Amino acid sequence: MIKAIIGAQWGDEGKGKIIDYLASKADLVVRFQGGNNAGHTVVHEGKTHKFHLLPSGVVQKKRSLVGAGVVLDPRVLTKEISDFGGLNEKDLGIDFRTPIIMPWHGLTDIAREGAKKEGEKIGTTGRGIGPAYEEKASREGIRFGDLVDETLLKEKIAAVYSERKRMLESVYGAECPPQSQITAEYVKLGKELKKYITDVSFEVNQAHQGKNILLEGAQGTLLDLSFGTYPFVTSSSPIAGGACVGIGLSPTKISEIEGVVKTYTTRVGSGPFPTELVGIDEDLGASIREKGHEFGTTTGRKRRIGWIDLPLLRYAHQLNGFKGIHYTKLDVLGGVAKIKVAVAHKIEGKMFERPSLEMQQLDEWEPVYETVNGFENLTQDEWREVVRESKEKGLKALPENAFEYIKLLERELGIQTKTVSVGAERGETIFVKN
Ligand code: IMP
Ligand code: MG
């Protein structure tokens, strides 16, 4: 059984927590796109794990795989493995086809962003993600199989180095470290990581019968390179279809696709955000940010805060075909007197509930809100009590208005609710029996 867990908004929906929650029943957890621009937080037994590259399944000691659609920074991976206390080759596998992020990628990312005018900046995480995918598409990329083979690695670096250096220096006035230094460092990294080499496509396709496999999306649907809010997007495909091309998996083998939806919306970096809390609502946004710890896991930047946007979620559903939704961070909305939900948008007086060509004019969208009554601000102990009660009562254990809010979203989207999260810990999760 293969289940994909996909972010339905602009990332940071809480996929790491959901993967960790579901991983107890999984045999394999696989990442298929993105790189260390991602930041997945897993809290278990009071300990907070933050992962940028490692699949969140490692906390539950499940075999974790990094597919060919990921871009891999070996500096970050070796550090993450050692911070975690080490992983052996049974715990982790990396596809031999996975492109490697090289030092010139991060330098280019930062230099290029720095050269852009205000208003044009994408707000990248500066981790070299875009340039690494460009190099892959230009068919000059260094892959994991090259990294772990000293001879091949030297050849591959030599083939591109002088062009990359010239580019950095002449176009951006940025310095590139000497070739010998990069080569020495990456040969060493390759030796450390060599034991993890595998064919993820083969493993997953073989395991799909009889084993439980979780596919862990990174970023979110609205950051998709083709279907997101271009050009304010990432360079990979975080939608469900991206899992097939990012692993080398037949689309017919994915049996379940589930979305993760935060009960409010956040976005980090630039780009349109129609339901953002700005102007007179800015203070409310700031208090949600504080309470929800809405600061980037990777960059520490303030996340922008806004209401749920149903037309955008319907669009995400169209792209992904969700069979269920995991709602997260409901506890954060406790104490907000009135909760708004964008049920439609207007452009030039014309209303729509599900965007099509309107995706071209996101900047001009005017939200049409439905306002619902908020619910009380419970303590974490009280939320845990709600979770205990939910074992019998299901979602009815929620404060009445919180229940009504989730039911409104469920009704509007027409998608089953799978879980509702009311805290960061694995156990602070209401499981919905359907
Ligand atoms: P890049 O992926 O670093 O090129 O960044 C492109 C855009 O995607 C920026 O707006 C980033 O803030 C955003 N982004 C990239 N990764 C994440 C993520 O994991 N969560 C939220 N936003 C992200
Ligand atoms: Mg994140």
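Computed from a predicted structure; not experimentally measured. Computed from heavy atoms alone, side chains included, the values below leave out hydrogens, waters and symmetry copies. Here, residue 1 is the first one in the sequence, and each next residue gets the next number. Just so you know, ligand 1 is whichever comes first in the structure, and atom 1 is the first atom listed for that ligand.
Electrostatic pairing of D95 and R143 does not count as a salt bridge here, judged by no charged N lying under 4.0 Å from a carboxylate O. For the pair K3 and E258, the salt-bridge criterion is met [side-chain N within less than 4.0 Å of a carboxylate O]. Between E216 and K15 there is no salt bridge, since none of the side-chain N atoms of the basic residue sits less than 4.0 Å from a carboxylate O of the acidic one. The existence of a salt bridge linking E135 and R164 is confirmed by a sub-4.0 Å separation between a basic side-chain nitrogen and an acidic carboxylate oxygen. Electrostatic pairing of K346 and E364 does not count as a salt bridge here, judged by no charged N lying under 4.0 Å from a carboxylate O. A salt bridge does not link E113 with R127: every distance from a Lys NZ or Arg NE/NH1/NH2 to an Asp or Glu carboxylate oxygen is 4.0 Å or more.
Using a distance-only test at 3.5 Å, with no hydrogens or angles considered, a donor-acceptor pair links the side chain of E80 to the main chain of L53.
Separation of atoms NZ (K211) and CZ (R63) is listed at 10.0 Å; rounding is to 0.5 Å.
Protein N/O/S atoms closer than 2.8 Å to the Mg ion (ligand 2): D12 OD1, G39 O.
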Need the list: ligand 1 N/O atoms against protein N/O atoms, distance under 3.5 Å, rounded to one decimal.
unit_1, atom_1, unit_2, atom_2, d
ligand 1, 2 (O), N37, ND2, 2.8
ligand 1, 2 (O), T234, OG1, 2.6
ligand 1, 3 (O), T125, N, 2.9
ligand 1, 3 (O), T125, OG1, 2.6
ligand 1, 10 (O), I122, O, 3.4
ligand 1, 10 (O), V268, O, 3.2
ligand 1, 12 (O), G123, O, 3.3
ligand 1, 12 (O), V268, O, 2.9
ligand 1, 12 (O), R301, NH2, 3.0
ligand 1, 16 (N), Q219, NE2, 3.2
ligand 1, 19 (O), N37, O, 3.4
ligand 1, 19 (O), Q219, NE2, 3.3
ligand 1, 20 (N), D12, OD1, 3.4
ligand 1, 20 (N), D12, OD2, 3.3

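Aromatic ring centres of W365 and F273 lie farther apart than the 6.0 Å criterion allows.
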